[in-house]
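Excluded from the calculations below are hydrogen atoms, water molecules and symmetry mates; all remaining heavy atoms, backbone and side chain alike, are included. Note that the structure is predicted; figures quoted are calculated from it, not measured.
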Amino acid sequence: MRRDNAQDYAKIPDDVRLAYAEAAHGLQEAPVVKRKVSFALVFALMIILLAGVAFAIVSWHQQAEQIARMEATQGYYDDWPAESRTALIQHMVDGGILSSDENVERLLSGGLDEAEASRLATEIITGWSNIREDAISLMSILEAVWGRYPYEWSVEDLAWYTQTLEATGKNVDTRRYVPTGDVLTKEQAIAIAVAYVKPLVNYPQEVWDGYTITGIYESQYHLDINVPYWHVEFLPPTRWTTRTYIPSVIVDPRTSEIYSDEYVPSPEQLLKERREEIERVDPADLFRLKTHEERAELTKDEYFGYSIPSPNSISEEEALAIAKKVFMEERDYTEEQLAKLTPYALYKEDVGGGRPVWLVNYYDETVMLPDSHCVLGVDMYADTGDVYVRFPWEY
């Protein structure tokens with residue numbers, strides 16, 4: 001049912017591809033007079049196909065705009081009536097991102113009561129992608145189609161999204177554009193940025209291989225730049241900043257110069273500040289490395305302090321095993337992936353409605369900041385082992 005990304009629109013159907021092949025085969029054996037007709041046929045087929053691709057993309061943009069207007073006037077999907085949820089499914093079908101099946105036809109044919117229509121619409125969306133019921137929105141749908149926002153979206157889709165937000169009355173701090181005129185391409189801007197920062201960080205190639213490099217054509221209201229620029233970012237292997245930090249770069253698309261001012265730190269300044277942060281953090285002093293007794297003593301005067309585990313609660317080993325099972329069965333982590341992370345279990349009394357809890361967090365020890373490197377987390381009642389919170393909520 002799901003189309004993984006917008007590039008699927010550009011895939012040539014098998015029947016059209018077969019027609020090309022048959023036409024091309026006919027060209028090799030047919031007389032000269034027929035060859036002219038065959039060329040015209042192939043050319044016409046290509047024009048029709050390209051027009052269909054363009055129409056599909058435009059059509060989804062148009063349908064998504066209608067969904068954006070629904071959100072602007074009706075709020076979150078959770079609050080939508082069955083009629084609006086059904087309309088959302090219709091827009092997804094009309095936009096070409098959702099194929100019709102028995103459930104879709106049953107919903108769109110009407111005749112269902114309010115509760116059943118609402119339930120079925122939600123079931124269709126969650127079955128179409130891995131969007132959780134409480135996270136259904138235009139953004140989650142767009143990310144299911146185009147990938148992670150904004151880094152995996154095309155410049156055209158980012159520009160469309162900016163225009164759509166403004167058209168629905170949203171405040172837009174960062175505007176995205178389609179490059180026009182005599183300016184650097186995305187590839188040229190990235191090449192300039194990489195050449196600039198490589199000598200600054202001086203990392204081996206295997207570090208660079210772990211990063212994803214992206215370029216976005218944008219402008220921001222608070223910057224002293226009245227025209228769009230290329231914002232080149234270096235995304236680490238995890239979603240958290242690692243010790244092998246690479247600063248982002250703003251490239252002027254007209255002059256190819258690296259831009260900075262009093263509001264925009266230079267790559268050199270960004271790198272200096274981050275390395276100073278690294279030096280201030282001593283992993284041996286991080287709070288999570290304390291024993292249960294030390295944590296309890298340090299937080300004895302705090303309202304939500306840590307405690308010494310009760311003998312009536314499940315053990316720390318049992319809590320760690322439960323958390324591991326959650327991540328492997330519900331989040332599809334493998335043994336190898338979890339082995340790269342370090343789990344820590346924290347115990348608190350009288351937190352879960354008067355019940356003790358275990359807070360199990362997995363940390364990436366290559367990440368430098370103590371407040372930003374908890375990769376995974378599970379909260380559970382310590383008396384039963386029942387899990388009631390999973391972190392991150394969207395993953």
Side-chain angles (χ1 to χ4, degrees), residues 2-7 9 54-81 83-98 121 125 128-129 131-181 183 186 189 214-233 235 239 248 250-251 253 263-264 392-394:
R2 173 187 169 191
R3 298 193 181 196
D4 287 333
N5 53 56
Q7 292 180 350
Y9 292 124
F55 174 78
I57 296 174
V58 170
S59 177
W60 168 231
H61 279 174
Q62 292 173 340
Q63 300 302 323
E65 287 171 10
Q66 296 303 313
I67 299 173
R69 295 183 187 281
M70 292 168 63
E71 283 192 344
T73 57
Q74 301 182 52
Y76 294 110
Y77 174 86
D78 286 346
D79 300 324
W80 288 9
E83 180 182 4
S84 298
R85 297 187 181 199
T86 302
L88 170 61
I89 299 299
Q90 184 69 67
H91 287 309
M92 293 173 68
V93 172
D94 293 344
I97 67 166
L98 176 64
I125 296 176
W128 167 76
S129 184
I131 304 173
R132 293 192 331 276
E133 180 177 344
D134 60 348
I136 296 175
S137 66
L138 174 60
M139 174 54 73
S140 64
I141 293 172
L142 293 177
E143 287 196 314
V145 177
W146 293 331
R148 181 183 171 193
Y149 174 83
Y151 306 109
E152 297 177 2
W153 292 23
S154 69
V155 292
E156 292 80 10
D157 291 331
L158 286 171
W160 164 85
Y161 189 63
T162 293
Q163 295 166 1
T164 300
L165 289 178
E166 292 180 331
T168 55
K170 300 288 183 63
N171 292 324
V172 179
D173 293 338
T174 303
R175 304 190 82 256
R176 274 67 187 248
Y177 307 83
V178 175
T180 59
V183 298
K186 176 180 178 178
T214 182
I216 299 176
Y217 200 62
E218 63 185 18
S219 68
Q220 297 185 21
Y221 77 97
H222 63 278
L223 301 185
D224 188 21
I225 309 177
N226 296 320
V227 292
Y229 55 85
W230 282 110
H231 187 181
V232 179
E233 290 192 78
L235 308 179
R239 295 171 64 182
S248 60
I250 292 180
V251 181
Y263 302 108
V264 184
W393 297 275
E394 295 184 27

Compare every heavy atom of [Y] with every heavy atom of [X], then report the nearest pair and how far apart it is.
X      : Y      : answer
Ser219 : Tyr177 : OG-OH, 2.9 Å
Ile131 : Ala144 : CD1-CB, 4.4 Å
Leu138 : Ala64  : CD2-O, 3.9 Å
Val178 : Glu156 : CG2-CA, 3.9 Å

State which residues pass side chain to side chain contact (heavy atoms under 4.5 Å, CB included) with [X]; sequence neighbours excluded, sorted by chain then number.
X      : answer
Ser84  : Met70, Gln74, Trp80, Pro81
Asp94  : Gln63, Gln90
Pro253 : Val183, Tyr217, Tyr229, Trp230
Ser248 : His231, Glu233, Leu270

Next on the checklist: If the test is side chain to side chain contact (heavy atoms under 4.5 Å, CB included), which one of Val155, Asp157, Leu158 qualifies with Arg176?
Outcome noted: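 When Val155, Asp157, Leu158 are each tested with Arg176, the side chain to side chain contact (heavy atoms under 4.5 Å, CB included) holds only for Leu158.
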Residues forming a side chain to side chain donor-acceptor pair (under 3.5 Å) with [X], sequence neighbours excluded:
X      : answer
Thr168 : none
Ser140 : Ser137
Thr162 : none

Going by the rule salt bridge (Lys or Arg N to Asp or Glu O under 4.0 Å), which residues pair with [X] if we only count those two or more places apart in sequence or in a different chain?
X      : result
Glu71  : none
Glu166 : Arg175
Asp78  : none

Close side-chain approach of [X] and [Y], heavy atoms under 4.5 Å:
X      : Y      : value
Lys186 : Val232 : no
Ile125 : Leu88  : yes
Asp134 : Tyr76  : no
Glu65  : Trp160 : yes

Checklist entry - Quick one: ring-ring contact (aromatic ring centres under 6.0 Å, His included) partners of Tyr161, sequence neighbours excluded? => result Tyr149, Trp153
Checklist entry - Rounded to the nearest 0.5 Å, what separation is found between the CD1 atom of Ile136 and the OH atom of Tyr77? => result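 The CD1 atom of Ile136 sits 4.5 Å away from the OH atom of Tyr77.
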Checklist entry - How about Asp79: does its CG atom have over 12 heavy atoms from other parts shown lying under 6.0 Å from it? => result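 Yes - once you tally the heavy atoms of other residues, nucleotides and ligands closer than 6.0 Å, there are more than 12.
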Item to check | Residue Glu133 excluded, over 12 heavy atoms near CD under 6.0 Å | outcome: no
Item to check | Exam field: side chain Trp128 to backbone Ile141, donor-acceptor pair closer than 3.5 Å | outcome: no
